[in-house]
Amino acid sequence: MQEPAATDSNLPVHIAVIMDGNGRWARNRAKPRHAGHRAGVKSVRRTIEHTARRGIPYLTLFAFSSENWRRPADEVSKLMGLFVEALQREVDELHRNNVRLEFVGDRSRLAASLVRKIESAEAHTHGNTGLHLNVAIAYGGRWDITEATRRVLRRVADGSIAADDVDEDVIAGELQLAGLPDPDLLIRTGGEQRISNFLLWNLAYAELYFCDTLWPDFGEQELDKAIEFFACRQRRYGHTGEQLEALEC
Ligand code: IPE
Ligand code: IPE
Ligand code: MG
């Protein structure tokens with residue numbers, strides 16, 4: 001893995017990924033769903049390495065949603081086991097590659113042993129200056145906004161901010177990804193075209209890239225295709241195309 005290089009303007013700065021399709025990948029091979037999740041870990045590794053190689057500074061991966069708690073207990077517990085195992089196995093290598101690893105989501109719902117691994121991985125890689133990798137576990141966009149709102153309300157109640165001074169920046173500053181640039185490219189594998197309660201606030205202006213590839217089959221070429229798709233988009237942020245073309249001359 002290489003150090004992230006300076007990004008050019010056609011490269012996304014922050015890629016977010018909804019890694020979907022593990023269960024179908026397994027079913028297509030007459031294997032248990034868990035085999036698909038296990039195969040998915042390899043795609044995670046490939047994606048992290050290639051994102052760093054392409055010089056993209058931020059990557060946020062959706063690994064487990066607040067709604068995924070509704071899955072059968074056995075699948076949930078095997079997934080949690082896989083997170084612990086992957087952390088154990090991968091953190092040293094991520095650290096060697098200068099990756100800064102952080103987790104977003106509701107830790108109060110996770111087992112203490114997993115939270116300890118998460119905290120130690122975060123502390124271990126905190127000073128790294130390469131790819132900034134966020135992994136979303138037990139994360140929901142509505143949960144994130146609700147928690148942020150609660151924190152803002154506490155600040156209003158204790159008088160540290162006036163209600164009239166609460167603006168978008170104040171709310172954004174309380175979200176899980178506070179201080180990071182918003183994802184400018186969202187990739188979802190597995191053929192569904194929905195957000196599934198991922199980063200509802202932060203994805204406001206993301207370019208959306210959906211592909212049919214099931215997550216365990218996702219690799220470097222697919223990632224390059226998504227980056228190429230992004231490079232061809234004109235990001236207007238409410239302006240007209242003509243306004244932007246005038247600015248460019
Ligand atoms: C994504 O794959 C992984 C998680 C949600 C944990 P799925 O498990 O949703 O795979 P499909 O959608 O059933 O194929
Ligand atoms: C979204 O995938 C969550 C993750 C990839 C972690 P799901 O497979 O859970 O989404 P839905 O249920 O099809 O919307
Ligand atoms: Mg799915």
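Start at 1 and go down the list; that is how both ligands and their atoms are numbered. Positions are given from 1, in the same order as the sequence printed here. Atoms considered below: every heavy atom in the structure, side chains included; atoms not considered: hydrogens, waters and symmetry mates.
Nearest to atom 13 (O) of ligand 1 among the protein's heavy atoms is Arg33 NH2, 3.0 Å. Atom 1 (C) of ligand 1 has as its closest protein heavy atom Met19 O, 3.0 Å. For atom 14 (O) of ligand 2, the closest non-hydrogen atom of the protein is Ser196 OG, 2.6 Å. The protein non-hydrogen atom at the shortest distance from atom 10 (O) of ligand 1 is Gly23 N, 2.9 Å. Nearest protein neighbour of atom 2 (O) of ligand 2, counting heavy atoms only, is Arg188 NH2, 3.7 Å.
The closest approach between any non-hydrogen atom of Arg24 and ligand 2 is not below 4.0 Å. Residue contacts with ligand 1: Gly21 is included, with a non-hydrogen atom under 4.0 Å away. Residue contacts with ligand 2: Arg70 is excluded, as none of its non-hydrogen atoms falls under 4.0 Å.
Proximity annotation for atom 12 (O) of ligand 1: of Asp20, Leu214, Ile18, Ile137, Asp20 comes nearest, heavy atoms only.
Under 4.0 angstrom from ligand 2, there are no non-hydrogen atoms of Phe198. In Ala63, the part holding a heavy atom less than 4.0 Å from any atom of ligand 2 is the backbone.
Considering backbone and side-chain N/O atoms, Glu192 never comes within less than 3.5 Å of an N/O atom of ligand 2. When only interatomic distances are considered, the shortest N/O to N/O separation between Asn22 and ligand 1 falls below 3.5 Å. Inclusion of Leu79 in the set of residues having an N or O under 3.5 Å from an N or O of ligand 1 is not warranted.
Counting heavy-atom neighbours within 6.0 Å of Asp164 CG, excluding the residue itself, gives a total of 12 or less. Heavy atoms of other residues, nucleotides or ligands lying less than 6.0 angstrom from CD of Gln221 number 12 at most. Few gaps surround CZ on Arg107; more than 12 heavy atoms of other groups in view lie less than 6.0 Å from it. Within 6.0 Å of atom CD in Glu168, 12 or fewer heavy atoms from other residues, nucleotides or ligands are found, so the atom counts as exposed in its surroundings.
The nearest protein heavy atom to atom 8 (O) of ligand 2 is closer than 4.0 Å.
We find that Asp158 and Arg154 are not joined by a salt bridge, their nearest charged nitrogen and carboxylate oxygen being 4.0 Å or further apart. A salt bridge links Glu147 with Arg150: the distance from a Lys NZ or Arg NE/NH1/NH2 to an Asp or Glu carboxylate oxygen falls below 4.0 Å.
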In sequence, state the C-alpha distance, the side-chain angles, and the governing distance for Asn128 and His95, and then conclude on side chain to side chain donor-acceptor pair (under 3.5 Å).
-> CA-CA 7 Å; Asn128 290 343; His95 182 56; 3.1 Å; yes
What's the verdict on side chain to side chain donor-acceptor pair (under 3.5 Å) for His239 and Arg236, showing C-alpha distance, side-chain angles and the deciding distance?
-> CA-CA 5 Å; His239 293 97; Arg236 291 193 279 275; over 6 Å; no
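Counting atoms of ligand 2 from 1 in the listed order, those under 4.0 Å from a heavy atom of Arg71 are 7 (P), 8 (O), 9 (O). The Phe64 neighbourhood of ligand 2 comprises atoms 6 (C), with distances under 4.0 Å to a heavy atom of that residue. Atom numbering of ligand 2 starts at 1 in the shown order; those under 4.0 Å from a heavy atom of Arg194 are 11 (P), 13 (O), 14 (O). Within the listing of ligand 2, atoms 3 (C), 6 (C), 9 (O) sit less than 4.0 angstrom from a heavy atom of Asn68.
The structure places NE2 of His50 at 9.0 Å from CD1 of Ile15, a figure rounded to the nearest 0.5 Å.
Between Tyr139 and Phe198, the angle of the ring planes goes over 60°, which puts this pair in the perpendicular group of the 30/60° scheme. Between Phe64 and Phe83, the ring planes are perpendicular. Angles over 60° get that label, and only those under 30° would be called parallel.
With a cut-off of 2.8 Å, the Mg ion (ligand 3) has an N, O or S atom of Asp20 in range.
A distance-only check finds a donor-acceptor pair linking the side chain of Asn98 to the backbone of Thr129 [under 3.5 Å].
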